[in-house]
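Comments concern the structure below.
These figures come from a predicted structure and were not determined experimentally.
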Amino acid sequence: MIQNKRGISQAFSPARTEDILRRATPFDVFDMSQVLVRSISDLCGADHGGDKEAIARWCANKTPGALRDQMTAEGSEFWILIRAGQTAAVGALSDLDPAGGTGRITLNYVDPGFRGTGASTAMLAGLEDRLRALGATDGVLTSTATAREFYDRRGWQPAGPARRGRWILGYPMRKSLHP
């Protein structure tokens, strides 16, 4: 299920019928933190090169407390994909600007145990659907080096040169969300 802008649940077609895509609550921050840290540590080697300091900086705002604070920020939405009773993927939106027609995907991370199972694809589809429901006609995100091909295969296009972020090099991308 996915909630519309009034918070009413509406149908969502996940990758698997047993998937549950829902808005995260403060009770989810511990599982979310674990997924984010494991994903960054185990799957994003193309970005951090195994540098323990780089991993620590990247994960510094992925603690349960930091996630709880981020969840309360106006204009932010955090989502989780539950599969087989476990948090398989974590996603987030921010910078929702219906007047400008854009919305930003700020997180789309998969637990390493669910990599290659369609969990991240289901999360991305849900985030794109949510942006559409909020009136966005274009989605924007900054990809990691690790995820660039993933987004390319799902219709996202480069939207400028790579730029140094807080801890890694990021690749701006954009996608038309017209049905």
Legend entry - Under the salt bridge (charged side-chain N to carboxylate O under 4.0 Å, His left out) test, residues paired with K175 that sit two or more places apart: E128
Legend entry - Polar side-chain atom of S33 near backbone of F30 as donor-acceptor pair, under 3.5 Å: no
Inset, instruction - Return yes if some donor-acceptor pair links the side-chain N/O of D47 with the main-chain N/O of T146 below 3.5 Å, else return no. - result: yes
Legend entry - With R68 via salt bridge (charged side-chain N to carboxylate O under 4.0 Å, His left out) - residues at least two apart: none
Legend entry - Separation between SG of C44 and CD1 of I55, rounded to the nearest 0.5 Å: 9.0 Å
Inset, instruction - Mind checking the OG-CE spacing from S76 to M71? Nearest 0.5 Å is all I need. - result: 10.0 Å
Legend entry - Separation between CZ of R130 and CH2 of W79, rounded to the nearest 0.5 Å: 5.0 Å
Legend entry - Note, F78 side chain near V29 side chain (heavy atom, < 4.5 Å): no
Legend entry - Separation of L169 CG from T144 OG1 (nearest 0.5 Å): 10.5 Å
Inset, instruction - Could you check if a side-chain atom of V90 sits within less than 4.5 angstrom of a side-chain atom of M123, using non-hydrogen atoms only? - result: no
Legend entry - Flag, side chain of H48 to backbone of I40, donor-acceptor distance under 3.5 Å: yes
Inset, instruction - Start with the C-alpha distance between C59 and L36, add both sets of side-chain angles, then the distance that settles side-chain contact (heavy atoms from CB on, under 4.5 Å), and finish with yes or no. - result: CA-CA 8 Å; C59 294; L36 294 168; over 6 Å; no
Inset, instruction - Quick one: pull up OG1 in T87 and CD1 in I80 and give me the separation to the nearest 0.5 Å. - result: 4.5 Å
Inset, instruction - Would you please test H178 and D138 for side-chain contact (heavy atoms from CB on, under 4.5 Å) and show each step? - result: CA-CA 8 Å; H178 290 287; D138 288 297; 5.6 Å; no
Inset, instruction - Please determine which of T106, L107, I105 meets the side chain to side chain contact (heavy atoms under 4.5 Å, CB included) test together with L93. - result: I105
Inset, instruction - Kindly give the heavy-atom pair with the smallest separation between G160 and P172, and that separation in Å. - result: O-CD, 4.0 Å
Inset, instruction - Output, in order, the C-alpha distance, side-chain angles, deciding distance and verdict of side-chain contact (heavy atoms from CB on, under 4.5 Å) for F114 and L81. - result: CA-CA 11 Å; F114 291 94; L81 180 84; over 6 Å; no
Inset, instruction - Work out which heavy atom in G103 is nearest to a heavy atom in L96; give both atom names and the distance. - result: CA-CD2, 4.2 Å
Legend entry - Option passing side chain to side chain contact (heavy atoms under 4.5 Å, CB included) with R132 (candidates L177, T137, L127): L177
Inset, instruction - Using salt bridge (charged side-chain N to carboxylate O under 4.0 Å, His left out) as the criterion, list what pairs up with E74, not counting sequence neighbours. - result: none
Inset, instruction - Measure from the side-chain N and O atoms of Q157 to the backbone N and O of D152, and report whether any donor-acceptor pair falls under 3.5 Å. - result: no
Inset, instruction - Report yes if the side chains of Y109 and L43 come closer than 4.5 Å at any heavy-atom pair, otherwise no. - result: no
Legend entry - Sequence neighbours excluded, every pair satisfying salt bridge (Lys or Arg N to Asp or Glu O under 4.0 Å) that has a member inside residues 99-123: R38-D111, D95-R104
Legend entry - Spacing of Q70 atom CD and E77 atom CD [to the nearest 0.5 Å]: 14.5 Å
Inset, instruction - Could you tell me whether the side chain of D19 and the main chain of R83 form a donor-acceptor pair under 3.5 Å? - result: no
Inset, instruction - With sequence neighbours left out, write down each residue that passes salt bridge (charged side-chain N to carboxylate O under 4.0 Å, His left out) with D28, or none if nothing qualifies. - result: R22
Inset, instruction - Applying side chain to side chain contact (heavy atoms under 4.5 Å, CB included), name anything that partners S143, two or more places apart in sequence or on another chain. - result: L141, A147, R148, Y151, Y171, M173
Inset, instruction - Determine yes or no for a side-chain-to-main-chain donor-acceptor pair under 3.5 angstrom, with S39 supplying the side chain and V35 the backbone. - result: no
Legend entry - Joint hydrophobic cluster, F150 plus V140, side-chain heavy atoms closer than 4.5 Å: no
